[in-house]
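Right, one structure below, let's go through it.
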Amino acid sequence: MKNVRVRFAPSPTGFLHIGGLRTALFNYLFAKKHGGTFILRIEDTDAARYVPESLANIIEALQWYGLIWDEGPDPLDPFEKSIGDAGPYIQSKRKKIYQTHVSELLERSAAYPCFCTTERLDSLRKKQASEKQTPRYDGLCRALNPSEVKSRLVSGTSHTIRLRVPTEGSLTFRDMIRGEVTFECATIDDQVLLKSDGFPTYHLANVVDDHLMNISHVIRAEEWLPSTPKHILLYKALEWTPPFFAHLPMILGSDRTKLSKRHGAEPALEYRQRGFLPQAVINYIALLGWNPGGDREFFTLNQLTNGFSIEKVNKAPSIFDIQKMRWTNASYLRTMEPNRLAPFARKFVTDKEISDEKLANLLVSIRDRIETLEEIGEWGSYFFQKDIAYDPALLIPAPGTKETALVALIFVSEVLEKMNDEDFTEPVLRDLFVNRIKSSGKKNGEILWPLRVAISGKKASPDVFAMMAVLGREVITQRVATALILAQGLKKA
RNA sequence: GCCGCCAUCGUCUAGAGGCCUAGGACUCCACGCUUUCAAUGUGGCAACACGGGUUCGAAUCCCGUUGGCGGUACCA
């Protein structure tokens, strides 16, 4: 394939979501696979729905996920500067370009001015709907005679420009994922190309820009499939060659409808806050609707690129499963060096001066227990907080009573008394305690359960000896003493 | 309603006419390891939507039905 140029073209009407991220990803993969160019274009032709923060969000999200564009707005100054020669890449800055092409369409009679008011259009639709007809433009202005058009234009009557769609015949095109798709022209509406405010609609701006930016392949979500014939008609009217099209299957929520907040689909960047690794999210969503064919589950962005092929993209929609994404994330976490995890753990550290080394030691035992970075806080709470609070009844081991707990804590205190700071390493502690417990004829659980609770305040925690080594002799002695007092206060079982 | 797309375990998927008594992964369950919870190991439950063709042979090809999704704006 020569000269592959693809674009991701979000509109800044909201934050980037998972669906958009997946579209961006597949465009990126396709471009990189074929040594092509990945372009970011901002489609802000609807002033009414414009959300100012969304541009920054889209840019930041794409960057965080590592989908860096070769051409598009300059991240540092997206409105004023751009990377690449085909810009500007923000459609609101291209208003004049669209208008010149509209003139061309008008001259060729491929489009016509429409003076119908919103009110008339609304009541027309309502009437059609009540008569069980397909709501569509009835072509009133299509038949206006030229002199009438001219006089209305001269008088400055508010109007739009519509595409003159053939009334007969059909239109067939090839989709790279779905094969041949056919639409009857009679079912295609006379689409508005230019709004009365002078802004182009998506359809016009999209076609003009794709042509001018030399886009070779349009890869977008399936929701655009029904408007593709309109776009092809536009290419024809402008005497341009249409690009190749590929319509990606949708990503749905757990109730099989379009993904929304209700399904846990936050803005794509929200997953950063939620403790996900960008490469894990990318890995997971790449496998939604695409598979290189095989059993493999893990791919880096490079490996995805090398294995990518648009023909292997599935046709059926898929459901976003946060559970599997968490599992993917957990798998990535487990391969990480503990000291690389340390920066993420820092935010949980409050009132203590803790060395990176100590933090890394702690993370060794936490790493295998978490699915997201966010959970580090939970699992390390005994470490990050100076004082821990818990229900004293927790100190009693499973088969056992208040006395069992007391005996265990006294046992532990006695062992601790004879220890030095230097003894507080994981192997030494383990060795010592396990041997002592063995020679006293007790079971591990009898002693180590109360000890675990004394240290962590939780029934589920990292390894006891790992916690002891990290916290040090002083803190451990203190917590065991506190636990002893708490245990004594317990009612008799 | 009309138009279009789609259809393998609950979910993500492998499957390009015989390799399929349908494979892998998530979830769930059981067991092993073990000081808890995890991680990990072993095993288990679980699917070709339905009906017709085509063919010696169909999850795979064709048609229909049903179901799901998307579109039907001076939104993208």
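Keep in mind the model is a prediction, meaning the values are calculated, not measured. By convention in this document, chain letters (A, B, ...) are assigned in the order of the sequence lines, proteins followed by strands, and residues within each chain are numbered from 1. What's counted below: heavy atoms across the whole structure, side chains too, no hydrogens, waters or symmetry copies.
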Whether each nucleotide of nucleotides 69-76 of chain B has a protein heavy atom under 4.0 Å at its base (B), only at its sugar-phosphate (S) or at neither (-) is summarised, 5' to 3', as SSSSSBBB
Paired to B:A47 by Watson-Crick or G-U wobble criteria (both distances under 3.5 Å) is none
Rounded to whole Å, the CD1-C1' distance (A:Ile232 to B:G4) equals 14 Å
Exercise for the section: Report yes or no: do A:Tyr112 and A:Asp190 form a side-chain donor-acceptor pair below 3.5 Å? Expected result: yes
- Checking all strands, does A:Val434 fall into the base, sugar-phosphate, or nothing category for heavy-atom contacts under 4.0 angstrom? nothing
Q.
So A:Ser365, base contact, sugar-phosphate only, or nothing? Heavy-atom distance under 4.0 Å.
A. nothing
Practice problem: Over 60° means perpendicular and under 30° means parallel, so classify the ring planes of A:Trp224 and A:His231, tilted if in between. | Solution: tilted
Rounded to whole Å, the CD-C1' distance (A:Gln133 to B:G1) equals 10 Å
To the nearest angstrom, the CG-P distance between A:Asn314 and B:C48 comes to 19 Å
The complete set of salt bridge (Lys or Arg N to Asp or Glu O under 4.0 Å) pairs with one or both residues in residues 319-341 of chain A, sequence neighbours excluded, reads A:Glu297-A:Lys324, A:Arg326-A:Glu371, A:Arg326-A:Glu375
For this session: Report yes if a donor N or O on one partner sits less than 3.5 Å from an acceptor N or O on the other, where the partners are the side chain of A:Lys315 and the base of B:A7; otherwise report no.
Result: no
5' to 3', nucleotides 31-43 of chain B under a 4.0 Å protein heavy-atom cut-off (B base, S sugar-phosphate only, - none) gives ----BBBSSS---
A:Asn283 atom CG is separated from B:C26 atom C1', nearest whole Å, by 13 Å
Practice task
Look at A:Ser318 and B:U13 and indicate whether a side-chain polar atom (N or O) is within less than 4.0 Å of OP1 or OP2.
Solution key: yes
